[in-house]
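Below: the structure, in structure tokens.
Just so we're clear, the structure is a prediction, and the values are computed from it rather than from any experiment. Order of listing sets the numbers, starting from 1, for every ligand and every atom in it. Throughout, numbering of the chain's residues begins at 1 and tracks the sequence.
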Amino acid sequence: MHHFTLGNFELSILSDGTYPLDGGAFFGVIPKVMWSKKVAADERNYATAGLNSLLIRTGDKTVLVETGMGNKLSDRMIKFYGQPAKLLENLAATGIAPDEIDIVINSHLHFDHCGWNTVRDQNGKIVPTFPNAKYYAPEGEWQYAHKPSERDAISYISDNYDPLIASGQMLLLKGGEEIVPGISVQTFPGHTAHMQGIIIEACHPEKPAIGDEGPGRAARNPSIVHEDTDRAIGVHPYTACYISDLIPTTAHIDLTWGMSFDLYPLQTIESKKQYYAQAIPEKWLTVFTHDPAVPWAYVEKDVTGKMVATAP
Ligand SMILES: [Zn+2]
């Protein structure tokens with residue numbers, strides 16, 4: 001299991017397993033002669049996609065970002081994607097029970113990102129998997145999920161969110177909110193119109209920020225300087241971002257390598273530029289939702305201008 005200490009926060013990758021995804025769908029307009037150098041495909045042209053959730057222990061709250069594919073897929077969906085359903089056993093391996101999760105955040109509401117939000121109980125009733133958690137999802141996503149395009153309607157399964165909205169357990173976000181101190185969301189349109197990245201700004205482990213002055217915030221406000229080492233290396237090593245399907249794997253770090261699933265491919269490129277403009281100079285740890293091997297890395301531009309991902 002992958003663990004990382006980000007300042008005063010503990011991060012862990014929890015996988016819901018892997019699933020087969022058509023290589024063409026995965027890499028959009030990029031020809032197979034190019035993507036097949038980075039990612040292997042089987043004889044049916046399927047590549048392997050991961051389902052990476054991020055567990056954040058802030059010391060105060062236990063936060064789960066994304067809940068994978070879950071265990072409620074229809075037989076038809078299982079034919080395409082299987083149903084690995086590994087998240088709960090991987091959560092148990094960290095020593096955390098589902099009722100200890102305080103916060104669940106979904107970047108968007110496609111079935112492979114919010115599947116374990118809910119489960120069916122013995123009577124077939126949909127109940128929250130994390131009974132004590134407050135759930136959060138983008139408001140625009142939830143509205144879109146009720147009138148999706150024919151193109152991506154199959155990706156929205158109402159049992160993953162509507163019962164939580166009805167019970168008041170799921171709250172909707174406009175984008176820009178801070179959910180708990182150090183964990184906020186920012187809208188990055190492209191994959192969908194309202195998908196949100198989850199930005200995690202931890203503090204120096206021995207010098208917790210006073211009030212609002214996390215190191216990431218300091219980076220945006222140069223008058224706040226926290227640490228000599230930060231200044232010396234010119235980076236702020238306590239920020240991570242779950243950028244979700246904007247950059248689903250390390251093979252997608254190039255601006256033009258988007259997925260066929262993206263509803264607004266030109267916006268994907270613009271959002272990636274906007275993300276890199278912050279994430280590269282501030283050395284954010286980028287979390288890759290669908291990378292089966294490298295769940296997080298630092299993205300940098302090498303001397304030739306090529307994007308490279310360096311695992312921590
Ligand atoms: Zn996805």
* Do His2 and Asn52 meet the criterion of a side-chain donor-acceptor pair at a distance under 3.5 Å? -> no
* Asked: Which atom names give the shortest non-hydrogen contact between Asp291 and Ala293, and what distance separates them?
  -> OD1-N, 2.9 Å
* So, Tyr242 side chain and Ser107 main chain: donor-acceptor pair closer than 3.5 Å or not? -> no
* To do: Mind checking side-chain contact (heavy atoms from CB on, under 4.5 Å) for Ala145 and listing every partner two or more places apart, or none if nothing turns up?
  => Tyr156, Tyr161
* Asked: Any luck finding a side-chain donor-acceptor pair between His191 and His110 under 3.5 Å?
  -> yes
* Distance criterion under 2.8 Å: protein N/O/S atoms around the Zn ion (ligand 1) -> 4
* To do: Apply side-chain hydrogen bond (donor to acceptor under 3.5 Å, both in side chains) to the pair Asp245 and His113, showing each step before the final yes or no.
  => CA-CA 10 Å; Asp245 280 334; His113 293 258; 2.9 Å; yes
